[in-house]
Amino acid sequence: QVQLVESGGRLVQAGGSLRLSCAASGRTFSTYPMGWFRQAPGKEREFVASISWSGGNTDYANSVKGRFTISRDNAKNTVSLQMDSLKPEDTAVYYCATGARITNAGWQHEYDYWGQGTQVTVSS
């Protein structure tokens, strides 16, 4: 069993930066890939970024590529999302997720464990 708790979301002005964190419990954290997803009001939840268990491979949605950076610290059981050059369209609830049998990082249905989400609001 893995439990995930996100933090770091807040109101920020366009062009600013935020760093989201996801704290995980469970001994298998370091062996699972991790993903960040987001859901804006009135929209479906979408993939943002993912990182392999070792941290050696990352993937990003086109909409955030070059602005967001995902990283992980397996010793501390945390995964982070550094968000720079934020835009109003980045406003959403951000979720971290993980699972044991992820073959495609963008496929939400493959993720077994989800956090409760943290709100990011970017003002123009």
Side-chain angles (χ1 to χ4, degrees):
Q1 190 76 6
V2 177
Q3 292 185 326
L4 304 172
V5 179
E6 303 95 336
S7 62
R10 61 177 176 87
L11 173 65
V12 63
Q13 288 191 333
S17 297
L18 274 180
R19 187 176 182 87
L20 304 183
S21 294
C22 174
S25 64
R27 293 177 293 177
T28 55
F29 169 81
S30 63
T31 65
Y32 289 179
M34 296 292 298
W36 282 97
F37 293 80
R38 67 185 182 187
Q39 186 167 21
K43 295 186 177 181
E44 294 186 352
R45 190 164 56 189
E46 64 178 3
F47 169 77
V48 175
S50 66
I51 188 166
S52 61
W53 69 269
S54 67
N57 291 303
T58 58
D59 192 18
Y60 298 91
N62 287 334
S63 58
V64 306
K65 200 169 294 184
R67 300 188 298 121
F68 291 10
T69 304
I70 189 171
S71 61
R72 69 188 297 164
D73 185 336
N74 287 340
K76 296 182 179 180
N77 278 11
T78 59
V79 61
S80 298
L81 186 68
Q82 177 66 38
M83 304 187 295
D84 299 318
S85 302
L86 283 162
K87 305 175 181 179
E89 50 264 44
D90 294 319
T91 294
V93 177
Y94 283 72
Y95 301 88
C96 65
T98 190
R101 294 169 296 276
I102 298 170
T103 61
N104 185 312
W107 291 355
Q108 299 183 43
H109 66 275
E110 293 193 337
Y111 288 79
D112 301 313
Y113 306 102
W114 293 80
Q116 84 290 346
T118 186
Q119 176 70 49
V120 172
T121 303
V122 184
S123 63
S124 57

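All values reported here derive from a predicted model rather than from experimental measurement. Values below: all heavy atoms of this structure, side chains included; hydrogens, waters and symmetry mates excluded.
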By side chain to side chain donor-acceptor pair (under 3.5 Å) - contacts of E46 (at least two apart) = R38
Applying side chain to side chain donor-acceptor pair (under 3.5 Å), name anything that partners R10, two or more places apart in sequence or on another chain.
-> none
Residue pairs meeting disulfide (SG to SG under 2.5 Å), one or both in residues 47-88, sequence neighbours left out, come to none
Going by the disulfide (SG to SG under 2.5 Å) test, which pairs reach into residues 23-90, not counting sequence neighbours?
-> none
Are the side chain of E6 and the backbone N or O of T118 linked by a donor-acceptor pair below 3.5 Å?
-> no
Expected output: side-chain S50 to main-chain A105 donor-acceptor under 3.5 Å | no
Residues forming a side chain to side chain contact (heavy atoms under 4.5 Å, CB included) with T31, sequence neighbours excluded | T28
Looking at residues at least two apart in the chain, or sitting in another chain, which of them share a side chain to side chain donor-acceptor pair (under 3.5 Å) with K65?
-> N62
Pairs flagged by ring pair (Phe, Tyr, Trp, His ring centres under 6.0 Å) wherever residues 35-85 is involved - sequence neighbours left out | F37-F47, F37-Y111, F37-W114
Those residues that, when tested against N57, pass side chain to side chain contact (heavy atoms under 4.5 Å, CB included) (two or more places apart) | S52
Kindly give the heavy-atom pair with the smallest separation between L11 and S123, and that separation in Å.
-> CD1-CB, 4.2 Å
Within one Ile-Leu-Val-Met-Phe-Trp-Tyr cluster: L86 and L81, side-chain cutoff 4.5 Å = yes
Looking only at heavy atoms, the pair that brings Q116 and V5 closest together is OE1-CA, 3.7 Å
In short, V2 meets Y113 closest at the heavy-atom pair O-CD2, 3.4 Å
Would you tabulate the side-chain donor-acceptor contacts of residues 12-24 under 3.5 Å, counting partners in other chains and residues two or more places apart, or write 'none'?
from	atom 1	to	atom 2	distance (Å)
S17	OG	D84	OD1	2.8
R19	NH1	Q82	OE1	3.2

Has the side chain of N74 got a donor or acceptor atom that lies under 3.5 Å from a matching backbone atom of N77?
-> no
Testing V120, V122, V48 for side-chain contact (heavy atoms from CB on, under 4.5 Å) with M83, which one passes?
-> V120
Over all atoms of both residues, closest heavy-atom pair of P33 and G99 | CD-O, 3.6 Å
Rounded to the nearest 0.5 angstrom, the OG-CZ distance for S80 and R72 is 11.0 Å
Across all chains, not counting sequence neighbours, the salt bridge (charged side-chain N to carboxylate O under 4.0 Å, His left out) partners of D59 are none
For the student: nearest non-hydrogen atoms of V79 and S71, plus distance = CG2-O, 3.0 Å
Sorted by chain and residue number, the side chain to side chain donor-acceptor pair (under 3.5 Å) partners of Q119 (sequence neighbours excluded) come out as T121
Kindly state each residue pair satisfying side chain to side chain donor-acceptor pair (under 3.5 Å) with at least one member in residues 95-107, sequence neighbours excluded.
-> T103-E110
Side-chain donor/acceptor of E44 to backbone N/O of Q39, under 3.5 Å | no
